[in-house]
Amino acid sequence: MELDTSVLETTPAPRQSSAVSRAAIAIFVALIASVFLLFVLAPVVGLVATGGGRGLSALGRDAELRASLALTAMTATIATILGVVGGTPIAYLLARRDFPGRSIVAAVMELPLVIPHPVAGIALLLVLGRASPVGGALYATGLRVAGSATGIVCAMLFVSAPLYVSAAREAFARVDARYESVARTLGDDVWRAFRRITLPLAARGLTAAAVVMWARAVSEFGAIVILTYNPKVASVLSYDRFTSFGLSEALPVAAVLVLFALVPLAALRALRREGRA
Amino acid sequence: MISLQLVNAKAGAFRLTDITFDVPQGSYGVVIGPAGSGKTTLLETIAGVVRVTSGRIVLGGEDLTGVAPERRRLGIVYQHAFLFPHLSVAENVGYGALSESIADNAAERFGVTDLFERPVASLSGGERQLVAIARALARRPEVLLLDEPFSALDPRTRSFARRQLRALYYERRFTVLQVTHDFSEAGLLGDVAIMLDKGRVLQKGTPEDVFRKPASPYIADFLGAENVFAGTARPIKAEPPDWLESSSGQVTEMPLAFTTGALTFYALGDVVSGSAHAVIRAEEVSLSSEPSTSSMQNQFRGRITEIVPAGALTKITVDASGTPIVSAVTARSVRELSLGIGKEVVAGFKATAVHIC
C-alpha cells in the first residue's frame with residue numbers, strides 16, 4: 001500500500017493563509033488609524049501652514065490680537081489658580097474619604113462637562129448677570145461680572161474646573177493612603193501629612209491637571225461669548241474677525257491661537273516624560 | 001499594653017466585629033489568620049487611621065479610642081514598608097525621630113546606615129522593610145504594630161532582624177502586636193496569640209494553647225494540624241483514670257472515649273458527649289514496629305500509604321482501619337525503622353495529645 005503524501009504536502013497551507021489574513025488585518029487597521037490621524041492633524045497643520053506666518057507677523061502690528069492673547073493668558077491663569085484652590089480639597093475628599101453625599105458632590109463636579117457650553121454661558125448669565133440678585137449685588141459693590149474680565153474668568157472656571165478636579169482626584173488616588181497613615185503615626189497631623197507626603201507625591205499629577213485646565217480655559221468660546229463678548233479673548237476675536245471680515249482676517253488669529261495652545265501640550269508631554277523617567 | 005474592648009470598625013466594605021483582647025504591658029502579641037481576615041485593618045484601627053464605630057481602645061492604660069494617630073505614641077510597620085519615595089533613606093528614618101542620635105542608633109541596629117544616601121526606589125524589598133522598622137523605632141514608640149515586617153527578608157537577614165528587634169524589645173519593654181503567617185514565628189516571639197477570621201476573633205490565648213488546643217476544626221486546619229477527625233465523644237469515667245497525667249491532682253478536663261470511623265481512642269476534653277472533633281498534631285504521633293509497652297493509651301496498627309519529606313521531618317500517613325493518621329518523624333527514624341510504602345507499623349499517641357473541640 002502506498003502512502004498518500006498529498007495530505008502532508010497540504011498541511012502548511014492553513015498556516016500560510018492565516019499569516020496572510022493577519023497581515024491583511026494589520027494593513028487595514030493601519031490604514032484606518034492613518035486616516036483618523038490625518039483627520040485630526042490635517043486641519044491644524046493646514047491652519048498653521050496657511051495662517052501661521054501671517055499670524056506671527058501680525059503679532060507685531062495687531063495690538064488687538066496682542067491684547068486678546070494677553071487677556072486670554074491672564075484670565076485662564078486666574079481661572080486655573082481659582083480652580084486649583086477650590087478644586088484641590090474637593091478632589092482630595094473624593095479620592096480619600098467616604099462621606100454622606102459623596103456621589104452627589106462627584107456628580108455636581110461632572111455637570112459642567114455634559115452641558116453645552118453656550119448653555120453654560122446662559123446659566124452663568126442668569127446667576128451673575130446684572131439683572132440677577134447675585135450679579136446685581138456684585139455690581140452694586142463695584143464688581144461687574146458680565147461683560148468684563150471677571151465674566152471671562154467665571155466662564156473659564158465653570159467649564160474647565162471639572163477637568164482639574166477629575167484629574168486631581170486621580171492623582172490623589174494614585175498615592176496610597178498608607179503613606180499618610182505612616183506619616184500620622186510618625187507624628188504628623190492631617191495637614192502636615194498632606195503637605196509633607198501626599199502633596200509632593202501627587203505634585204506631578206496635580207500639575208498635569210492644572211495644565212489641562214489651563215489649556216481648556218484658553219480654548220473656551222461658547223460660555224465666554226454669551227457672558228462676555230467684550231473684552232475679547234482670542235477665541236472670541238477669531239470668531240469676530242471671521243463674522244466681520246471673513247476667513248482671510250480670521251486665519252492669522254486662529255493660527256496664533258493654535259500655536260498658543262501648543263504651549264500646554266508641550267508642557268504635558270514634558271511632565272509625562274519626567275514621570276516615566 | 002494594648003486592650004481592645006468590643007471594638008467595631010469599618011474600612012470600606014470590611015468590618016471588624018466585637019474585637020476584644022488584651023496584650024499586657026511589655027508583652028509580644030501575634031495576630032494570625034487567613035488572608036482577608038482583617039489583620040491589617042485591626043492594626044490600622046489600633047493606630048487610629050481606621051475609625052472605630054463602637055468600643056474602646058486602651059493603650060498604655062489610657063483610653064485613646066477617639067485620639068488622633070499622632071498622639072497615640074505608637075509605630076506601624078507595613079508589609080510593603082511604605083517608605084516615602086520622594087525622601088532619602090536617611091530622611092525616612094529621621095522623619096518622626098525624637099532626635100538625630102536615636103534615628104542613627106535605630107538605623108545602625110538594623111544595619112541600614114550604609115543605605116542612607118541611596119534613593120528609596122533602588123532598595124530591595126528586604127532593605128525597605130529594615131528601613132521601615134528603623135523608622136518606626138526611631139520615634140521610640142510605646143506600642144509597635146508590625147504587619148508581616150520580615151516577609152521580604154532572606155532567612156539570614158530575617159534571623160538578624162528578629163534578633164535585633166527582640167534585643168530592643170527586652171531593653172525597652174514596649175508592647176508589640178505583630179501580624180504573621182509564619183506559625184513558628186508566632187510561637188517563637190509571642191506571649192499572646194490572637195486568631196482572626198472574617199473580622200472576628202476566633203480564639204486568643206498563649207500561642208501554645210492556640211496551637212495545641214484550637215477552638216474549632218477550622219482553626220486546627222488553618223494552623224496546619226495534620227490530624228483533624230470528626231466523630232463522637234463520650235465520658236468514660238466519673239473519676240480520672242490512672243493513665244491521666246496530672247501533677248497537681250486537679251483535673252480540669254474530662255477523660256473521654258472518642259470514636260471516629262472504626263477507631264476509638266482515649267482523649268481529654270470539656271465536651272460532655274456528642275459530636276465533636278479530635279485534633280492531634282503529627283509531631284505527637286510516634287511510629288514503631290511493635291506496640292509500645294509505655295503508658296501510651298492509643299495505639300493502632302496500620303499500613304503506610306504515603307511518605308512526604310517536609311524539611312527536618314518526614315510526614316508519614318498510616319491507614320489504620322480506614323482512618324489516615326499522619327505522623328511526623330525524623331529522617332533517622334525513617335532509616336532505623338526502614339519505613340516504606342505498604343509497611344505495617346503501629347501509630348501511637350497519648351490521650352493528652354488529643355484535643356477535643
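Letters go in sequence order (proteins before strands), and every chain restarts at 1. None of the values given here were measured: they were computed from a predicted structure.
Residue-environment remark: CD (B:Glu117) stays at or below the threshold of 12 foreign heavy atoms within 6.0 Å. Around CZ of B:Arg172, the count of heavy atoms belonging to other residues, nucleotides or ligands within 6.0 Å exceeds 12. Other residues, nucleotides and ligands contribute only 12 or fewer heavy atoms inside 6.0 Å of the CD1 atom of A:Ile104. More than 12 heavy atoms of other residues, nucleotides or ligands shown are found within 6.0 angstrom of CZ on A:Phe99. For B:His80, the NE2 atom sits in a loose shell: 12 or fewer heavy atoms of surrounding residues, nucleotides or ligands are nearer than 6.0 Å. More than 12 non-hydrogen atoms from other residues, nucleotides or ligands lie less than 6.0 angstrom from CZ of B:Arg109.
Under a 3.5 Å cut-off, the side chain of A:Arg184 and the backbone N or O of B:Glu70 do not form any donor-acceptor pair.
Atom CZ of B:Phe82 sits about 8.5 Å away from atom OG of A:Ser181, to the nearest 0.5 Å. Here OG1 of A:Thr185 is found 10.5 Å from CD of B:Glu44. Values are rounded to the nearest 0.5 Å.
A cation-pi arrangement is found for A:Arg196 relative to B:Tyr95, the charged atom lying closer than 6.0 Å to the ring centre and inside a 45° cone about the ring normal.
Residue B:Arg71 does not touch chain A at all, counting heavy-atom pairs closer than 4.5 Å. If you measure heavy-atom distances from A:Ala177 to chain B, you find no contacts under 4.5 Å at all. Contact of A:Leu201 with chain B is made through the side chain alone, with heavy-atom distances under 4.5 Å. Only the backbone of B:Leu83 comes within contact range of chain A, with heavy atoms under 4.5 Å apart. In this structure, chain B has a heavy atom under 4.5 Å from the side chain of A:Asp176, while its backbone stays farther away.
A:Gly187 and B:Arg139 get closest at one heavy-atom pair: CA-NH2, 3.6 Å.
Looking at B:Asp147, B:Val49, B:Thr40 one by one, the single match for side chain to side chain contact (heavy atoms under 4.5 Å, CB included) with A:Arg178 turns out to be B:Thr40.
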